[in-house]
Each structure stands twice: as structure tokens, then as C-alpha cells.
Amino acid sequence: MTIERQKKITVALAGNPNSGKTSIFNMLTGASQQVANYPGTTVETKQAHCTYKDFRITFVDLPGAYGLTAFSEEELVARNYIINEKPDVVVDVIDCSNVERNLYLTTQLIEIDVPFVLAFNMSDIARRRGVVFDNGRLSTLLEAPVVSTVGNKAEGRLALLDAIIAVAGADRKPRTHRIIYGDEIEKSLKRIESAIRSGHPEIASRYGSRWAAIKLLEQDNEMLTKISDSPLRGVLDGEVVRLKRIFRDDPETVIADKRYGFISGACQEAVKATVELRHTTSDLADVVLTHRVLGLPIFLLLMYLVFYLTFTVAAFPMAWLEQFFGWLAGFIAALWPADVVNWLRSLLIDGVIPGVGGILVFVPNILILFLAIAVLEDSGYMARAAFVMDRLMHKIGLHGKSFIPMLIGFGCSVPAIMATRILEDKRNRFTTIMVLPLMSCGARLTIYGLLIPAFFRQNWRGPVLWLIYLIGIILAVVAAKVLRFTVFRGETTPFVMELPPYRVPTLKSILNHTWIRGWLYLKKAGTVILVFSIVLWAAMNYPRVEDESLTGKSVEQVQQAQLANSIIGRLGRAIEPAIRPLGFDWKIGSALIGATAAKELFVSQLSIIYAVSSRDESSTAPTLRSHLQADYTPLAGFCIMLFCLISSPCFATVAVTRSETGSWRWAAFQFISLTALAYAVTLVVYQLGAFFIG
Ligand code: GDP
Ligand code: MG
């Protein structure tokens, strides 16, 4: 075979000092080395060739480096070689007896997005210490081949050469996963990137704007000199100050923490120590918190605590807010004579205040929930929880982190959907959003609270409630699976569940997180709810009944007549033929339509329809129940609950789905498909039930 017919490959050897680079270099090439200095530096370089299969491979031994930031001359030389000379393959030599530290350089190679092979060198030492590597798993997670080697004994030579030519010959495709640095850092990166693209296109094209932005945040000397006196410098300094204020730490430390979190996550999955090696408190905490058996109960206990806080502590400010809105309505009613611009008065008192107020009373709830989540996230615990849940969630095609929004969904779908932001993968995130409303939220509990005692005997009530919740969960699991195989098809590429180091959360960062999320809830749900409460009010109050026969009737009877005549009442009658097979009549239909704004409204709608006051629950709630008992069978009652559980998410949920998915299409898809599912399930249950019960 002649030289000309051979394909040429250039391979750079990178790795920490003393990881065994030179040994690997010698093992691969034999002794025929040329030693020279890197141009313009005192750093020594060695270069040599070898022939393997059809390839003539040139190896370059890069100086030892812990990272690729310009903190030392060696790191700078190594990185400039990789960026400027663009070797076909980088062999990252890892001292795998000290794997977590050595993989730090690997995270930087991932960031440059250069094709690389991992040589897990010193594998003899690691083996002796009882460390076992799952090379296959590691190579999937890190998206690079992993080969075990013993450099000074020339073990693993052929496997390494095969991996090198495989990577060199493979088509370059972008990596599926990259390290995400968290909301705040990512926000800064985005701003710096856009300043790079507009002010320094040459940097963007040479290094890639994201990589350059990360290096700038890390205060990389070489990159900083390239941008001195440019407006970019101002942007950068502003972001550094902002991040320092939030994290009370240098951005480079936070960035390094994230990289180590990525490494910890990968090692937690693919590196097993058969001999106990772990010593640091963080490692000890991980042994307990991500324990196979203990992990789950600890997680459930913490989640219970979060919910307890959310729903009991928030109950006080919620009650105050409810009182305030009640007082506000009363105050306006007293101030505003009933016969002056009556429609506007009614719009305010019966439409806007209860509608918007009904959403605002959840603000304490949301803030406390978000506060608790921010603490769990910032302390590093949430990553462990996701880790524990990952195996289970993978079975239904979702990511471990999806479990957190689903849990929150038992409280309220709105913050739950917002919490799906922790999911980086879009398909995972959208699937989770779509099935989230099936988690029975707190508002739906008011419906069950009315109907279950009306239709079921004391000892059946608990089990029925449990059954309803269970049906929701099962449907969510099935729906998620179906979605992952149809609409959101695509393989779940396994990726590293990051395990960031534990840290004491800073007040600033927590308040910041809480406030941003709370504000989004107020702004996005609030504006849409305002519009819908006006529309709903109009639909319940128009067209007006102008009937003489109503004079002398009670307020409740007038309301009843008004509702029956209104658009909603008429709509209820119009859809009656369609909902008959479900066991519903027009009254249930109207109440269901009225409850689309918020599920709680179902009960007050029914109260108006049956002309019983919904205000004084203690005396009249049984009356509403007795009306229901007279009109419907327990089967129909169960079907009403079933329909309320599955059907159309409330408008606040629709609004948040829209804003989080960025399109009305997904919101409409969710609304329509869930309602269709509700119809199908309720139809089957009612018809089968009617058939068997008779
Ligand atoms: P470099 O600084 O990365 O170039 O590392 P060297 O190749 O100079 O190796 C440092 C030391 O580790 C030398 O004494 C090598 O003989 C030794 N060494 C290299 N690879 C291995 C290995 O796989 N196992 C063991 N036990 N020692 C190794
Ligand atoms: Mg060396």
C-alpha cells in the first residue's frame, strides 16, 4: 500500500498533567518522536506518526491542562491548537483513578464541540481500588467512545485506534446535549452572545458565539483582550455584576459548579465504587438522598412538606384576600346605587371582581410553592429528586424531572405548567404540559366535595375520591405514553442528570426566582382571566329577561330565570342531545360551560341553576345536594366528576399553556383532545354502567 492511498488523520492528545498522555503517545506511535516548541511559546510539543489499517495517523501530544480557559500558558496552547488546527480527533486521556476531576476537561471539549475519544487510562489503578466503569453507558451519556487503557503497559492500543478511526470517519453531527447553565447564566449568555454577533462577527465566526460568551463570563484573559474598549465589554461587565449579585459568587465558579454537576450526574449513573471511597459531605449526602431504597421516601416526605406549606400556610393570606375581594364588592355595591349604569355595576361586582379575584387569591399559594421549589432547586436537592424518579418516569417515556411538575399539578395546573421549564428537552416538556391537567387539581376537589357526599354512602366516599385521583394519574401515564409515540415521537436520548454540588441558597437568588415566576402568573394568567371573566359574565347575563312575571320573586328565582335565558343557559340546552348519552342534562351542561373559566365555578353555577344561594354553605349546601340526588343517579354523579376531572382545562391553564408553548395551537390541542378524551371515557363508563346496573 502506498502512502498516497492512505487517508490522513490528525489526532491531538489532551489531558490533565500526569494522566498518562505521553505514555499513551508512546504506546500509539513507538519511539519515533520529533520534539519542538509550540510556535511562540516555551511549551514543548511532540509529534509522531503511525499507520493503522488504511490510515496514516499523526499524533500531537498537547501540554497537560485542567481546562481550556486561558488561565495558564499550557491551557492556552492546548485550546488554541484545538481551535486553530482543528485536529480530526482529540483523544482525551483521563486518569480514571481520579475520574471526576479529569472529566472537567472533557466538559470543555464538549463545549468546543470537537470530535473526541475518551481514553480511560490508569484503569489498572482504578480496578485495584474497586472502581468499575460502565463504558457503554458513559459513552452514550458523553456522546463519545470510551476505551479503557493502561498507558505504561500498552493495554488498549487497538481498541483506542479503532475508536479513533471510527470517530474520524463518522459524519459530523451536532451533539444532542450540551451543558445548560441555569436560567440566570443562560440569560446573561444570550445577551453577551447577541452583543458578540453584532459587534464582533469575527469572534462569532471563529469561536462560535456561545463558546466565546462562556469564556468571557469565565473572565478568560485571551478573550478579554480581544474585546477591550468595545461596547461588548460594557455588556459583559454588567452581566458579571448582575450574576455576582444573584449568586454572591463569581460567574466562573457557578459555571464550574455546573460542569461538575454534569460530571457527578454521569458518574452517579456509570461509575460504581465497590469499595467505599467517598468521603466528602456532598458525596455522603448523595449516598443517602439518591439511595435506591431511601431516596424515594425521602423525596415523598419533602414533597409532602412542600405541599403542606403551600396549602396550609397560604390558607391565611388566601382567606385575607378572599375577604378583601368580598369587602371590595360590598364596598362598590354600597357606594354605587343599583339603578345607575346597572350593567357596569354588575360587570364589576359579579364578573370582574370574582373572576380576577378568584385568580389573585391563589397568589400566596403560588408564591409559597415557588419559594419552596426555589430553595430545593438552589440547594441542589431537586436534581437528586429527579435522579431518583428518572428510572420510573423513563418507563412512560418521560424524564425524571417531569415528576416535579406533575406533583405540583395536584395543587394547581398553572404553576405546574410553568414548572416544566426545568425540562430542557422540548418533546418531554410538551408531553408533560399536555397531560398535566389530568392531575386532579385543588379546584376540582370542590366539585368532588359537593358530589361525593350527595351520591355515596359514608364508607364509600374515601375510596371514590381515591379512585377519581387514580383515574387521572392512570390516564396521564397512558396519554403521555401515547403522545411520546405519536405527536412527540422521537427517541429519548439518554443524557446526564446533573448533580450540582450542594450549596446554601442565597436569599437574593431565591426571591428572584420566586418573584419572576409569581409575576409571570399574575401577568399572563391575570390578563387573560380578566378578558374571560368579562365574556363569561356577559354570557350569563345576556340576553336579559324582561318579564313582568318575575316581579315579586326571590333574588334566587330571578337569577335562575336569568341564567336559563342567558347565552350559557341556551348553550346548555343546545348541547343537551350531545351530553345525554353521558347521563347529563342541560343544567349540568350549562354549569360545565360556566366552569370553563375555573373549575370552582361549577359549584356556584349549579347553585344558581337550582336557585339556591351558594353564599351560605352551612344551611343550603344540603339543599343543593338534595336537588342533585333527586335529579341524577349515583352513576351520573360519578360521570359528572369524571368529566370534570378529564375535560377542558380551565382558562388559566389554557392561557399558561399558550404562553409556555408559544402557540395557541398547542393550547387548542390540549383543550380539544382532553375534552374529547373526557367525552369518550365518560360515555363508555356511563353506558357500561347503565347496562350493568340496569
Ligand atoms: P503525562 O504527564 O500526561 O504525559 O503523563 P505520563 O505519560 O508522563 O505518565 C505519568 C506517570 O504515570 C508515568 O510514571 C507513567 O509511567 C505512569 N502511567 C501512565 N499510564 C499509566 C497507567 O495506565 N497505569 C499506571 N499504573 N501508570 C501509568
Ligand atoms: Mg507528558
Side-chain angles (χ1 to χ4, degrees), residues 10-38 41-50 57-69 71-82 85 87 89-109 114 116-135 138-139 142 144-164 263 267 270-271 273-275 277:
T10 314
V11 176
L13 290 169
N16 289 10
N18 290 316
S19 60
K21 276 187 316 314
T22 306
S23 307
I24 295 278
F25 179 85
N26 290 338
M27 155 180 122
L28 291 168
T29 61
S32 60
Q33 312 162 357
Q34 305 160 1
V35 179
N37 278 0
Y38 282 97
T41 68
T42 55
V43 180
E44 188 182 81
T45 172
K46 283 199 222 94
Q47 199 160 321
H49 310 281
C50 97
I57 312 176
T58 305
F59 289 95
V60 179
D61 191 11
L62 295 178
Y66 295 105
L68 294 176
T69 307
F71 291 141
S72 70
E73 196 174 18
E74 281 79 12
E75 296 195 358
L76 191 59
V77 167
R79 119 161 156 215
N80 283 344
Y81 183 87
I82 291 170
E85 309 300 324
V89 181
V90 172
V91 171
D92 183 4
V93 180
I94 302 284
D95 168 1
C96 67
S97 67
N98 190 3
V99 64
E100 300 214 5
R101 181 173 190 192
N102 275 253
L103 281 173
Y104 190 78
L105 179 68
T106 315
T107 63
Q108 314 254 301
L109 292 175
V114 62
F116 65 90
V117 173
L118 289 165
F120 268 39
N121 197 37
M122 312 265 182
S123 56
D124 53 335
I125 299 180
R127 203 178 309 126
R128 224 176 300 134
R129 291 194 192 159
V131 187
V132 181
F133 299 94
D134 181 345
N135 285 4
L138 271 171
S139 84
L142 302 172
V146 176
V147 180
S148 296
T149 58
V150 183
N152 55 349
K153 300 217 181 76
E155 274 177 37
R157 176 172 188 267
L158 295 185
L160 188 55
L161 284 168
D162 282 332
I164 290 169
I263 295 166
C267 290
V271 182
T274 51
V275 182
L277 289 171

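Quick note: residue numbers are just sequence positions, from 1. Only this structure's heavy atoms are used, side chains among them; waters, hydrogens and symmetry mates stay out. Order of appearance sets the numbers: ligands from 1, and atoms from 1 within every ligand.
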Closest candidate by heavy atom, reference atom 12 (O) of ligand 1, pool Lys153, Glu155, Lys46, Met122 | Met122
In terms of its nearest heavy atom to atom 21 (C) of ligand 1, the top option of Val150, Asp95, Asn152 is Asn152
Is there a nitrogen or oxygen of Lys21 sitting under 3.5 Å from a nitrogen or oxygen of ligand 1?
-> yes
Please determine which of Asn16, Asn26, Val93 meets the side-chain contact (heavy atoms from CB on, under 4.5 Å) test together with Lys21.
-> Val93
Val60 and Leu13, any side-chain heavy atoms less than 4.5 Å apart = no
Under 3.5 Å donor-acceptor, Asp92 side chain and Leu118 backbone | no
Side chain of Glu74, backbone of Gly64: donor and acceptor closer than 3.5 Å?
-> no
Please confirm whether Asn16 comes under 4.0 Å of ligand 1, counting heavy atoms of the residue only.
-> yes
Close approach of Gly15 to ligand 1, heavy atoms, under 4.0 angstrom = no
With atoms numbered from 1 as shown, which atoms in ligand 1 lie under 4.0 angstrom from a non-hydrogen atom of [X]?
| X | answer |
| --- | --- |
| Ile125 | 26 (N) |
| Ser23 | 6 (P), 7 (O), 9 (O), 15 (C), 19 (C) |
| Gly20 | 1 (P), 3 (O), 5 (O), 6 (P), 7 (O), 9 (O), 19 (C) |

What part of Asn18, side chain, backbone, both or neither, has a heavy atom within less than 4.0 angstrom of ligand 1?
-> both
Can you find a side-chain donor-acceptor pair between Asn102 and Ser19 that sits under 3.5 Å?
-> no
Pairs where residues 151-162 contributes a residue and the test side-chain hydrogen bond (donor to acceptor under 3.5 Å, both in side chains) is met, not counting sequence neighbours | Tyr52-Asp162, Lys53-Asp162
Those residues at least two apart in sequence (or on a different chain) that pass ring-ring contact (aromatic ring centres under 6.0 Å, His included) with Phe120 are Phe133
